[in-house]
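Shown next, in structure tokens, is the structure this report addresses.
Below, chain A is the first sequence line, B the second, and so on; all start at residue 1.
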Protein chains: 2
Amino acid sequence: MPTIKDIARLAGVSITTVSRALNGYPDVSEATRQKIKKIAEELNYTPNSIARGLVMKKTNTVGLVVSEIIKPGVYHPFFLEILAGIKAALRRSGYDIILFTVDHESQGKVSYERLCKERKVDGTIVQGLKLSDPYIEQIKSTDIPTVMIDIPILTEKVGYVSSDNVKGAFDAVNYLVQLGHREIGFINGHKDAAVSFERLEGYRKALEHNGIRYDDRYVVYGDYTQQSGAEAFKKLILEVPGITAVFCASDLMAVGALKAAYEIGKKVPEDISIMGFDDIELSTIITPNLTTIRQEKYKMGYKAAELLLSIIKGGKPRHEVIPHKLVIRQSTRHYLQVMREDDCCTKAVE
Amino acid sequence: MPTIKDIARLAGVSITTVSRALNGYPDVSEATRQKIKKIAEELNYTPNSIARGLVMKKTNTVGLVVSEIIKPGVYHPFFLEILAGIKAALRRSGYDIILFTVDHESQGKVSYERLCKERKVDGTIVQGLKLSDPYIEQIKSTDIPTVMIDIPILTEKVGYVSSDNVKGAFDAVNYLVQLGHREIGFINGHKDAAVSFERLEGYRKALEHNGIRYDDRYVVYGDYTQQSGAEAFKKLILEVPGITAVFCASDLMAVGALKAAYEIGKKVPEDISIMGFDDIELSTIITPNLTTIRQEKYKMGYKAAELLLSIIKGGKPRHEVIPHKLVIRQSTRHYLQVMREDDCCTKAVE
DNA sequence: TATCACTTCCAAAACGTTTTGGATCCAATT
DNA sequence: AATTGGATCCAAAACGTTTTGGAAGTGATA
């Protein structure tokens, strides 16, 4: 491996000059610069980023700490999209990603600070932490440039990106109301995710906005997995048989609900409307296609990386909210109350 | 940030002693070792891996170069599982992953060597390259410890892991034959993947093994996406209307085929059997559940990382083959030739 | 007493960069 | 002739480790 020392020797100049020539400083004549560049080229010289990192105290590396996302058997349905966004934003600034995966247990063993400082990352993006994870508290008082995804922490050095979950849930439920539904169930996710609280709030607000009384019995909890969605649906339908629509806090749970509905003989959307949240790829593959609130995951990743870069440069952390979209597909439908009571009308309306 | 220099000062010893005490060398008395450890603890000292990497010429970092896996709109269906396996194998040896994403274009700009050497990774795992990618040739003559996934390259420093794709495809097609099918189509993937050739070979061998003549018209090509699977299926059914089963080189294409079948009014598995390859999560979500050849992706990642570690340590590269499994679900079914010709028998058999 | 072996320690070099604070030379200006 | 200013260059320090090749001290042995 050639070093600037080799180049210096070959070119008959000092290593200072090589360094400055290669890095475009003005105090080196064009002639020697060309000579040096040529030699570097011939030697197939690549600068040693480790050595550079040591003296500059900057590694051009950001950490990506992820939790609960890659573990055997449970794979996050849109982590890759976020990652793609992050990568895209990082590309031109020459940053690389170093991947840390943590779980609840490992967080007890090595602190957030230590994790980052040991590898000397310039900043980190944090994805998939639960509210009860030890890192949450540690991050609230860290001085490492950090951006959280979907977890609201805002300090001198940490910012976050998220969708407007309150508004997203509001839009979903409001849409169901517009379809004529008034008995609307809500399958929420676990209380270890900040978004669960926000989506619940959106659900409540939409009901209130439409003059529908909120009732605890209409909301039931899963853990964002398909399985849990199915179970929650069954529980909900037992508790409140009269519901005509259910809003789920994730597409995965909505798919579970969909399957549970079929199992107990309810057709979607004819008998009951089901809505999801996220818009994962599966939503367009499943039959019927899911009506859902689309989160722009790629953009979330992109904005997260941009924000991190700006914090690293000394910018002020902020909350970046990524716009969502209501996407209407096949799993929801008008609730025609009149028709129920008066079958003769059916044809006319159809 | 405290350094060993600080510790040395506080403990009244040399930095040599601090280094050796912390790294468990025997030539330091237990008393001073404890004193040093205590001070390190109090200062919340974390060793600087950059400085260490510089002198040791070893970064405890492996690169993960991925291509075509994370780009907007197309996400690899089981990259995360492989990643989880890699992570698991790397955990206890203290290696971290640095993520390189490349595409055909970027490969022209910076060579494989440069990519790795600039960041000073100790080795790399390579995933998702196409046969036509520039890196393929470069990797064949690299001296960087490398393990390929699904691409057969075996040199002094590079090994690979893969399923036995020939045998996998053989098992799939052979199973279809056992079900009574003899008119079996094959939706293969593009020729930019080594596995495509192997799976084709398996398909041919299974036919031959069962005394069925191979016919070019029965095989058609997609690009491993759902969309392409649907198109390929339609093309195939037009070309050879008589087929009773089709084997797809990926689950994603099988799902596409499934949908195309429904579109043209063919029921699966009643009218036609469809088999996939991979066993992605989607296979159990789709209706009917896909019969498929399961690849152990987690294990592939795990073994890849293990192999890489061994190559880094000076071990000899090898081809690690990961066992596959035939998993029978709902998309395949007996082909009852007799019944077609003599309807009265149906009931008896059912 | 001199030698030896063992334990415990350390000064200095090395890793490959960047950066600081000049030094040297030449031409132009006083 | 002396001074200034600009262009071009460089020696040395610094970054935080590990490692080499002893040195110093102690107790046992010859």
Please tell me if the side chains of N60(A) and Y95(A) come closer than 4.5 Å, counting only heavy atoms from C-beta onward. yes
All salt bridge (Lys or Arg N to Asp or Glu O under 4.0 Å) counterparts of E306(B), not counting sequence neighbours: K303(B)
Show me the protein contacts with nucleotides 7-9 of chain D, counting only N or O atoms at under 3.5 Å.
unit_1: dC9(D); atom_1: OP2; unit_2: S29(A); atom_2: N; d: 3.0
unit_1: dC9(D); atom_1: OP2; unit_2: S29(A); atom_2: OG; d: 3.3
unit_1: dC9(D); atom_1: OP2; unit_2: T32(A); atom_2: OG1; d: 2.9
unit_1: dC9(D); atom_1: N4; unit_2: D27(A); atom_2: OD2; d: 2.7

Pair K157(A) + D143(A), salt bridge at N-O below 4.0 Å: no
Just how far, in rounded Å, is P of dC10(D) from CZ of R9(A)? 15 Å
For the pair T16(B) (side chain) and S14(B) (backbone), establish whether a donor and an acceptor sit closer than 3.5 Å, ignoring hydrogens and angles. no
Can any side-chain N or O of S132(B) pair as donor or acceptor with the backbone N or O of K130(B) at less than 3.5 Å? no
Can you find a donor-acceptor N/O pair under 3.5 angstrom joining the side chain of S19(A) to the base of dT19(C)? no
Kindly write out the residues that satisfy salt bridge (Lys or Arg N to Asp or Glu O under 4.0 Å) with R119(A), not counting sequence neighbours, or none if the list is empty. D96(B)
Establish, with yes or no, whether the OP1 or OP2 oxygen of dT19(D) is under 4.0 angstrom from a side-chain nitrogen or oxygen of Y25(B). yes
Nucleotide N/O to protein N/O under 3.5 Å, stretch nucleotides 14-16 of chain D:
unit_1: dC15(D); atom_1: O3'; unit_2: K57(A); atom_2: NZ; d: 3.2
unit_1: dC15(D); atom_1: O2; unit_2: V55(A); atom_2: N; d: 3.4
unit_1: dG16(D); atom_1: OP1; unit_2: K57(A); atom_2: NZ; d: 3.0
unit_1: dG16(D); atom_1: N2; unit_2: A51(B); atom_2: O; d: 3.4

Please list, one pair per line, the donor and acceptor atoms closer than 3.5 Å that link side chains of residues 78-91 of chain B to other protein atoms, with sequence neighbours excluded.
unit_1: K87(B); atom_1: NZ; unit_2: L99(A); atom_2: O; d: 3.0

Roughly what angle, to 10°, lies between the helix axis at the start of the helix from dT1(C)-dA30(D) to dT30(C)-dA1(D) and the one at its end, five pairs per end? 80°
What about T16(B): does its side chain form a donor-acceptor pair under 3.5 Å with the base of dT18(D)? no
Side chain to side chain, T124(B) and T146(B), heavy atoms closer than 4.5 Å: yes
With no hydrogens and no angle check, just 3.5 Å: does a side-chain donor-acceptor pair link Q295(B) and S163(B)? yes
With rounding to the nearest 0.5 Å, note down the distance linking CG in L10(B) to NZ in K35(B). 10.0 Å
